[in-house]
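Input: a single structure, listed below in structure tokens.
This chain uses plain numbering: 1 for the first residue, then up along the sequence.
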Amino acid sequence: MAAKLNLLTDTQCRNAACTEGLRIRKLSDGGGLYLWVYADGKKYWRLRYWIDNKEKSISLGSYPEISLKVARSKRDDEREHLDRHQDPAAQRRVEKIQSQLKLEGTFEFVAREWYEKRKHTWVAHHAQDVLRRLEVNLFPLLGTRPINEVEAPELLASARTIEKRGAFDLAHRMIQVSGQVFRYGIATGRCKRDISADLRGALTPHVKKHQAAIKPEELPDLMRAIHSYDKTTGEKKTRLALELLALTFVRTNELIGAIWKEFDFNKKLWIIPAERMKMRTEHFVPLSRQAIVVLEELKKDNRGSELVFPGLNPWRSISNNTMLFALYRMGYKSRMTGHGFRAVASTALNEMGLRSDVIERQLAHGERNKVRAAYNRAEYLQERIKLMQTWADYLDSIVK
């Protein structure tokens, strides 16, 4: 006689409790399906079956997450395997192994494995930059893809996403990094070829210009040198000027010409008037907590001048060369200028994945349309406030 099926009801499952004194109460729904009710109130579905004269059981999930209806469907599926003499437990082990092998063959898994093999050869901050760039620029589109199935157009799509932020140099660098990942994948048997070579000529050319600006990975050493400048070779005011320049990445002339009435400490905003801006458009500079600290320190020794950076004559600002020569004394001649802080901030912020439109607006890059320019002075202001604080916090983090 055929075994009875579907013996339980939803109400019975919902109200079932373990009998006092027992650790588990087992309620049969027929066909080997049981609801195990534990003394602590938790409930689990299990399928009991026989194969090769051995009794076995497998879990079908917890109740009520797995409803009675779904549990019965799972039971019926597994019974079909048993009818073909396939052991559900053995099948699960095979699927688990296949799933692990599939995971270990994804682009992200191979890239992280490559990174772990390489990171000990790099300085700490460079290693952090490499991993962050992978996570921001390549993993979102390629991470879950089997590395041996990734095609050149997919890799190009990732590069084009970077290019849309205006980070053309970074796009080229990420293709180079991906090439190293693919070559590692070839060496470890996860893929057959390096598809990055197929993208030669497909990216927007990056025209390298000779600019006296360090690379983002060199920024920690520079910031440490600046913080200790007045303790070694220079004066406090110059050190504070360099710190504020790094925090705000305005143009050098915009910094040294600053006057106190341009600063709204309540709103934490520096409003540079149009006549002092390169594009003759008023510019807003949100002030981070760190920038406020620097400005308060500058006010202590201001000698009553309206200038933030007065020279020997309190009514004339310091020279353009003051900070340039300070950088020379710190060992950065021909490697860094005051303007270089803009370049390094732009590169680093783009690499962090922040919106290029917001970065460009904060850099006050030219807007030729006067109506548009007038609107732009406060465009993205809330995002720019967050950007400037993020940048200041980043500068803090790299010198610790």
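- For the salt bridge (Lys or Arg N to Asp or Glu O under 4.0 Å) test, residues two or more places apart in sequence or in another chain that qualify with Arg289 are Asp393.
- With sequence neighbours left out, Asp77 forms a side chain to side chain contact (heavy atoms under 4.5 Å, CB included) with Ser73.
- For residues 177-189, the side chain to side chain donor-acceptor pair (under 3.5 Å) pairs, not counting sequence neighbours, are Glu113-Tyr184, Arg183-Asp194, Thr188-Arg190.
- Note that the CG atom of Leu255 and the CG atom of Leu242 stand 9.0 Å from one another [nearest 0.5 Å].
- Among residue pairs with one or both ends in residues 36-50, those qualifying as salt bridge (charged side-chain N to carboxylate O under 4.0 Å, His left out) are Arg48-Glu55; sequence neighbours excluded.
- Side-chain contact, Asp264 with Trp270: no donor N or O sits under 3.5 Å from an acceptor N or O.
- Applying the ring pair (Phe, Tyr, Trp, His ring centres under 6.0 Å) test to pairs two or more places apart or on separate chains, those with a residue in residues 7-39 are Tyr38-Tyr44.
- By the 4.5 Å heavy-atom criterion applied to side chains, Ile318 and Pro310 are not counted as neighbours.
- Here Glu243 pairs with Ile226, His227, Arg239, Leu240, Val294 under the side chain to side chain contact (heavy atoms under 4.5 Å, CB included) rule; sequence neighbours left out.
- To the nearest 0.5 Å, atom OG1 of residue Thr248 and atom CH2 of residue Trp391 are 11.0 Å apart.
- With sequence neighbours excluded, the residues satisfying side-chain hydrogen bond (donor to acceptor under 3.5 Å, both in side chains) with Glu351 are Arg133, Arg173.
- Sorted pairs that involve residues 58-67 and meet salt bridge (charged side-chain N to carboxylate O under 4.0 Å, His left out), not counting sequence neighbours, are lacking altogether.
- Leu307 CG to Trp315 CH2: the interatomic distance, rounded to the nearest 0.5 Å, is 8.0 Å.
- The structure places CG of Leu33 at 10.0 Å from CZ of Arg79, a figure rounded to the nearest 0.5 Å.
- Counting heavy atoms from C-beta outward, Asp10 and Gln12 have side chains that stay 4.5 Å or more apart.
- Between the side chains of Asn350 and Arg355, no donor N or O sits under 3.5 Å from an acceptor N or O.
- Listed by first and then second residue, the salt bridge (charged side-chain N to carboxylate O under 4.0 Å, His left out) pairs involving residues 314-328 amount to none (not counting sequence neighbours).
- Of the inter-residue distances, the one linking Ile292 atom CD1 with Leu287 atom CG reads 4.5 Å to the nearest 0.5 angstrom.
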Please list, one pair per line, the donor and acceptor atoms closer than 3.5 Å that link side chains of residues 338-347 to other protein atoms, with sequence neighbours excluded.
{"from": "Arg342", "atom 1": "NH1", "to": "Phe249", "atom 2": "O", "distance (Å)": "3.0"}
{"from": "Arg342", "atom 1": "NH1", "to": "Leu363", "atom 2": "O", "distance (Å)": "3.3"}
{"from": "Arg342", "atom 1": "NH2", "to": "Leu363", "atom 2": "O", "distance (Å)": "2.6"}
{"from": "Thr347", "atom 1": "OG1", "to": "Ala343", "atom 2": "O", "distance (Å)": "3.0"}

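- A salt bridge does not link Asp301 with Lys237: none of the charged nitrogens is closer than 4.0 Å to a carboxylate oxygen.
- Qualifying side-chain hydrogen bond (donor to acceptor under 3.5 Å, both in side chains) partners for Arg145, counting only residues two or more places apart in sequence or in other chains: Glu149, Glu154.
- Counting heavy atoms from C-beta outward, Val110 and Val181 have side chains that approach closer than 4.5 Å.
- Residues passing the salt bridge (Lys or Arg N to Asp or Glu O under 4.0 Å) test with Arg160 are Glu163, sequence neighbours excluded.
- Counting heavy atoms from C-beta on, the side chains of Trp45 and Ser62 never come closer than 4.5 Å.
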